[in-house]
Amino acid sequence: MSDLSYQRVQQALQTLKLHRIPDCLDHLAEQAASHSWTYVEFLDKLLEAEVAARTEHDIFVKTRQAHFPFVKTLDQFEFAFQPSVNEKQVRELAAMRFVAHGENVLLLGPPGVGKTHLAIALGLSAIMQGLSVSFVSMSDLLEQIARDAKTDRLNQRLQLLGRPRLLIIDEMGYFPLDRRAGQFLFQLVSRRYQKGSIILTSNKSFADWGEIFTDSVLATALLDRLLHASHTLNIRGQSYRLKDKLKAGVFTELGTPDGRKEG
Ligand code: ADP
Ligand code: MG
């Protein structure tokens, strides 16, 4: 390639914002010559490098925007430890058809059984497939609601939480919701209904949701929308956090979390 055309190519790549190709142009051009690639094969390799770099950047940006409290994948989940979790069902959910159909996922179970881990892992699968994800814990959401109510910004918050294709709301049930928070949550679920999926985790079974809400009519209406098209995973079993301690016998006197004495 003449110096002049080389410079023009570099200039054009800048203009077209193809930022990865300049790094690998020389190397790939050499490979093309030594392996006698066709022109199309060469172009294919250049574009492949650009697309790979963009995908990686997109995943990085979306993961940062999601605000996960930690990053854990499905491959890091020991299904053998938690037999009540159906691996096949989780892997099917990871294919994200539920998001395409605007369905919800509810992960229920006691502390430490992996609800947040699974929610984040599914969130990451969504990001890998190019979907936008947002994660919020119920306690953070309650703080945001209280703050936004003071500055009259609840509507903006509602819009913001309406945007991502997948919204993860973690730890419903640890705190009671006052009337305003209950109404906000109802509006949020209604706004996303059949359009934007929600993954919700809770330590409470649906029967106990009345206790979380001040208004049981509102709780019923919200559950109605949330459950209409949904996948519920009831996780029963031991806390993974206590796994090693259980093994070491620290909890034998107290019995296991599900009330059994370790034998
Ligand atoms: P929960 O949200 O149900 O309270 P977490 O998802 O926060 O539980 O899990 C607690 C910790 O244990 C996390 O670090 C999580 O990655 C890990 N964990 C839970 N279950 C499993 C599992 N089956 N395999 C691997 N790690 C697990
Ligand atoms: Mg959790």
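What's counted below: heavy atoms across the whole structure, side chains too, no hydrogens, waters or symmetry copies. Both counts, for ligands and for their atoms, begin at 1 and track the order of listing.
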Quiz item: the Mg ion (ligand 2): which protein N, O or S atoms are under 2.8 Å away?
Solution: Thr116 OG1
Is the terminal nitrogen or CZ of [X] (NZ for Lys, CZ for Arg) located under 6.0 angstrom from the six-membered ring centre of [Y] and within 45° of that ring's axis?
X      : Y      : result
Lys62  : Phe60  : no
Lys204 : Trp209 : no
Lys243 : Phe81  : yes

Quiz item: Within a radius of less than 6.0 Å around CD of Glu56, do more than 12 heavy atoms belonging to other residues, nucleotides or ligands occur?
Solution: no
Exercise. Check whether more than 12 heavy atoms from other residues, nucleotides or ligands sit under 6.0 Å from atom CZ of Arg153, and answer yes or no.
Key: no
Quiz item: Are the side chain of Ser132 and the backbone N or O of Pro164 linked by a donor-acceptor pair below 3.5 Å?
Solution: no
Quiz item: Would you say Val51 and Arg54 make side-chain contact, with heavy atoms under 4.5 Å?
Solution: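 Not in contact.
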Self-check item: Within the protein, residues bringing a heavy atom under 4.0 Å of ligand 1, chain by chain
Solution: Lys72, Gln76, Phe77, Glu78, Pro110, Pro111, Gly112, Val113, Gly114, Lys115, Thr116, His117, Tyr240, Arg241
Quiz item: Under 3.5 Å, is there a donor-acceptor pair between the Gln187 and Ser190 side chains?
Solution: no
Exercise. For residues Phe135 and His67, establish whether the separation of their ring centroids is below 6.0 Å.
Key: no
